[in-house]
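Worth knowing before you read on, the calculation uses all heavy atoms, side chains too, and leaves out hydrogens, waters and symmetry mates.
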Amino acid sequence: MKVLWVEDHEPVRDMLAIAADKAARSRVQVDLVMAPTLMMAEARLRLERFDLVVLDLGLPDSFDPDMTIARVANMGKYRIAVVSSMDVRDQAVESALRCGANIHPQAIFKATLPFNRFIQRPDAFEDFLMDLMPAAETTTVRAA
């Protein structure tokens with residue numbers, strides 16, 4: 001799975017980079033790309049294909065959480081997940097859902113993420129990312 005994580009807080013980016021490195025060494029299928037600003041995220045989204053975009057809403061170059069989500073959502077067909085410490089994260093996700101965005105229905109409070117567990121157990125990092133993806137739809141084929 002290829003993931004773009006948009007995060008401006010450097011210590012969080014450092015922990016995620018370590019978790020991604022450990023995942024790669026353990027042959028866990030996570031290709032993590034980091035972007036510290038919305039502008040850098042948009043540049044990556046223009047050039048690469050991603051399965052998941054994990055988005056912090058408190059970015060230095062975007063002050064409106066709804067607009068941040070809208071800008072990312074309008075750039076491609078991938079799942080978006082909000083991981084932020086902003087108070088308005090839940091409202092922003094609800095608004096995006098009402099607008100039809102392909103977004104995980106619950107915002108995640110960044111301070112509760114178990115970064116140390118992601119580093120110690122790469123499979124836990126992969127599981128966390130997979131849980132943000134839409135559930136596989138089951139289709140039933142009827143015999144004619």
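Residues Thr68 and Asp64 form no side-chain contact, since every pair of their non-hydrogen atoms from C-beta on lies 4.5 Å or further apart. Put simply, the side chain of Tyr78 does not reach to within 4.5 Å of the side chain of Asn102, judged on heavy atoms. With contacts defined as side-chain heavy-atom distances shorter than 4.5 Å, the pair Arg46/Met75 qualifies. In this structure, the side chains of Ser84 and Leu55 stay at 4.5 Å or more apart for every pair of heavy atoms. The side-chain heavy atoms of Glu7 and Pro36, taken from C-beta on, include no pair separated by under 4.5 Å. Looking at Phe125 and Val28, their side chains never come closer than 4.5 Å, going by heavy atoms from C-beta outward. Looking at heavy atoms from C-beta onward, Val3 lies out of side-chain contact with Phe50 at the 4.5 angstrom threshold.
Between the side chain of Asp51 and the backbone N or O of Lys2 there is at least one donor-acceptor pair closer than 3.5 Å. A distance-only check finds a donor-acceptor pair linking the side chain of Thr112 to the backbone of Phe109 [under 3.5 Å]. Side-chain N or O atoms of Asp61 include none that pairs as donor or acceptor with a backbone N or O of Thr37 at under 3.5 Å. The main-chain N or O of Pro114 is never found under 3.5 Å from a side-chain atom of Arg117 such that the two would form a donor-acceptor pair. For Arg44 (side chain) and Val33 (main-chain N/O), no donor-acceptor pair under 3.5 Å exists by modelled atom type.
For the atom pair Met34 CE and Glu10 CD, the distance stands at 10.0 Å (nearest 0.5 Å). For the atom pair Ile69 CD1 and Ser95 OG, the distance stands at 7.5 Å (nearest 0.5 Å).
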